[in-house]
Amino acid sequence: MAIKCTISEVGRHVDQTVTIGAWIHNKRSSGKIQFLQLRDGSGYIQGVVVKSEVSEQIWDDAKSLTQESSLYVTGVVREEPRSQSGYELTVTGIEIIHLTENYPITPKEHGVDFLMDHRHLWLRAPKQRAILLIRAQIIRAVQQFFDSNGFTKVDPPILTPSSAEGTTELFHIKYFDEDAFLTQSGQLYMEAAAMALGKVYSFGPTFRAEKSKTRRHLIEFWMIEPEMAFVDLEESLRIQEQFVSYVVQSVLENCRKELETIGRDISKLENIQGEFPRITYDEAIEFLQGQGFDIPWGEDFGAPHETAIAEKYDKPVFITHYPASIKAFYMKPDPSRPEVVLCADMIAPEGYGEIIGGSQRIDDPELMAQRFAEHSLAQEAYQWYMDLRTYGTVPHSGFGLGLERTVAWICGLDHVRETIAFPRMLYRLYP
Ligand code: 4AD
Ligand code: MG
């Protein structure tokens, strides 16, 4: 009787007969032997069908198998040091589930639009699978880091009555008779949670109706948002360094094979530990102007600016103390220089851009009220947020890490569209 197992489990069954549910990834033949490249999601293994050792039926069934056909394959597990998995299957039986005809994605090159239209099938490609495994490991590492450092996971709402980051990029929906918006950031709610639990973090989807068609923007993306009571900007930056280092090192430890599959230069990631460099907004402007960029003080950075700054370093770099005028309403002004705020963006190396945005938050109720007025934010909608300052206000800080940009950087991908199973992008909602 054959043992049912997955490809990842065959190592436990050397010299035994196993049955695996699988798809044909690829196939080649040398007359008297057929080599089936099998995949089952858990891994890859080669199945060897030897004409002289199987019935005519099995030989013919093997012959009929096409790319992405599904089957139960039975065989004896052999150790095979020359193969990538370390094992090989000597096939003794084949039960075809479905013969696939004309699978649209062939081993030849396809254009990106074609692949995006077939994203539901493209996911089966080894590179796409590797990326999703790395993404899952990043999520695991994020949770391990915060769970083991005294943070409590809290889930902010997705349907919200007001905006967190400004009103222009909101997805507007109806909430029965009221207006509502899909969340852009859970931050404001996480501030409330921090006042209840001290150190909290969220991990959830966020939505931005940004008309940006760049390799760094998604319409729907996932964010990790820690918020910490009694923590100032300096302390928050320390936590961010440790957090990002932990995540990168954990991927290096757990995803060697996947990083190899996608061809990532691992030496670039090995550097990511210890303290990260810092530069103020003022210094960044001066540097950029020195490089010939035409950018006045007070303007926000775009992708080329971020890339030019990041190129000076082999680790992520913090840009701190931006002008208040280009940052969100809730950021605390620097007491010694109120035109700049106690904030930092973390810019990833190698041109991947901003992966974290964060700040110390305004804790003074009067200044907060003033900001609402300046930004024409409806007081009623934010009354609950004001209450956090009215009842036991404390210094607090937090930040948001964009998951997809982090995956793009760690995997070394050109575009965020490959970092999530079904990307939502400007003018693309299918599949
Ligand atoms: O800098 P952002 O807008 O910050 C916030 O939303 C804060 N409320 C976070 C906080 O302090 N709790 O966004 C944070 C990060 C960015 O650094 C970027 O990595 C990612 O979210 N991000 C996007 N990722 C993909 N597509 C988009 N359109 C993104 N917009 C932001
Ligand atoms: Mg930002």
Side-chain angles (χ1 to χ4, degrees), residues 135 138 142 146 151 154 156 160 162-171 181-194 199-228 231 233 236-237 239-240 243-244 247 281 300-303 305-306 310 316-320 322-323 326-332 341-348 352-362 385 396-410 413 415-420 423-426 428:
R135 177 186 168 105
I138 292 172
V142 165
F146 288 116
F151 288 72
V154 172
T160 62
S162 53
S163 92
E165 291 293 309
T167 48
T168 51
E169 303 165 351
L170 292 172
F171 275 103
F181 307 96
L182 295 181
T183 183
Q184 294 168 297
S185 157
Q187 179 196 321
L188 307 191
Y189 295 96
M190 297 309 288
E191 289 184 54
K199 288 196 276 182
V200 292
Y201 75 102
S202 65
F203 171 55
T206 51
F207 307 86
R208 296 195 188 176
E210 285 179 279
K211 288 260 162 82
S212 301
K213 202 172 177 180
T214 79
R215 55 199 193 87
R216 295 175 181 178
H217 285 90
L218 291 170
I219 301 302
E220 177 179 307
F221 65 97
W222 288 65
M223 202 166 14
I224 290 101
E225 295 189 273
E227 195 68 36
M228 303 157 284
V231 165
L233 178 67
S236 175
L237 297 190
I239 290 163
Q240 291 175 43
F243 165 50
V244 170
V247 169
Y281 174 86
D300 204 359
F301 300 135
H305 305 117
E306 286 177 358
V317 52
F318 289 113
I319 307 178
T320 69
Y322 282 71
I326 53 171
K327 286 293 184 188
F329 73 92
Y330 50 69
M331 294 188 179
K332 187 181 170 80
V341 282
L342 299 176
C343 74
D345 285 353
M346 185 192 289
I347 314 297
Y352 287 95
E354 180 199 322
I355 50 170
I356 289 182
S359 72
Q360 191 165 335
R361 321 303 192 189
I362 291 175
Y385 188 65
H396 63 290
S397 301
F399 59 94
L401 172 91
L403 177 64
E404 287 74 17
R405 288 197 196 165
T406 306
V407 175
W409 163 48
I410 292 179
L413 306 174
H415 200 294
V416 286
R417 67 183 155 229
E418 289 181 48
T419 62
I420 184 166
R424 304 288 89 146
M425 301 190 300
L426 191 57
R428 179 174 279 286

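We count ligands from 1, going down the list as the structure has it; atoms in each ligand are counted the same way.
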Query - Whether Trp222 and Phe203 hold their rings parallel, tilted or perpendicular, with breakpoints at 30° and 60° - result: tilted
Query raised in the report: Angle class for the Tyr322/Tyr281 ring planes (parallel below 30°, perpendicular above 60°, tilted otherwise)?
Result: tilted
What are the atoms of ligand 1, with element, lying closer than 4.0 Å to any heavy atom of [X]?
| X | value |
| --- | --- |
| Gly402 | 15 (C), 19 (O), 20 (C), 21 (O) |
| Gly357 | 1 (O), 9 (C), 10 (C), 11 (O), 17 (O) |
| Ser185 | 6 (O), 8 (N) |

**Report entry** Side-chain ion pair, Arg361 and Glu227, N-O less than 4.0 Å
**Finding:** yes
Determine whether [X] and [Y] make a side-chain contact, defined as any pair of heavy atoms from C-beta on separated by less than 4.5 Å.
| X | Y | value |
| --- | --- | --- |
| Ser185 | Met223 | yes |
| Arg405 | Glu354 | yes |
| Glu404 | Leu413 | no |
| Leu403 | Arg135 | yes |

Suppose we measure from [atom] to each protein heavy atom; which comes out shortest, and what is that distance?
| atom | result |
| --- | --- |
| atom 15 (C) of ligand 1 | Gly400 O, 3.6 Å |
| atom 12 (N) of ligand 1 | Glu225 OE2, 2.7 Å |
| atom 25 (C) of ligand 1 | Arg216 O, 3.5 Å |
| atom 28 (N) of ligand 1 | Glu210 OE1, 2.7 Å |
| atom 30 (N) of ligand 1 | Phe221 CZ, 3.4 Å |

Query raised in the report: Given Met223, Arg361, Glu404, which one has a non-hydrogen atom that is nearest to atom 11 (O) of ligand 1?
Result: Arg361
Report task. Closest by any non-hydrogen atom to atom 13 (O) of ligand 1: pick that one out of Glu165, Arg208, Gln184. Result -> Arg208
Please confirm whether [X] comes within less than 3.5 Å of ligand 1 when only nitrogen or oxygen atoms on both sides are compared.
| X | result |
| --- | --- |
| Leu218 | yes |
| Gly358 | no |
| Glu354 | yes |

Check contact between [X] and ligand 1, using heavy atoms of the residue and a distance below 4.0 angstrom.
| X | answer |
| --- | --- |
| Ile355 | yes |
| Tyr330 | yes |
| Met346 | no |

Query raised in the report: Hey, do the aromatic rings of Phe207 and Phe181 have their centres closer than 6.0 Å?
Result: no
Report summary line: Between Met228 and Ile239, the two heavy atoms sitting closest are SD-CD1, 3.5 Å
Report summary line: Residues Phe171 and Arg208: closest non-hydrogen pair is CE1-C, 3.7 Å
Query raised in the report: Hey, does the side chain of Thr206 reach the backbone of Phe221 with a donor-acceptor pair shorter than 3.5 angstrom?
Result: yes
Query raised in the report: Where does Arg405 meet ligand 1, judged by heavy-atom distances below 4.0 Å: at the side chain, the backbone, both, or neither?
Result: side chain
Query - Location of contacts on Ile356 toward ligand 1, heavy atoms closer than 4.0 Å - result: backbone
Report summary line: Which of Phe243, Phe399, Phe146 passes ring-ring contact (aromatic ring centres under 6.0 Å, His included) with Tyr201? Answer is Phe146
Query raised in the report: Between the Mg ion (ligand 2) and Asp345, is there an N, O or S atom separated by less than 2.8 Å?
Result: no
**Report entry** Of the N, O or S atoms in Glu354, the one nearest the Mg ion (ligand 2)
**Finding:** OE2
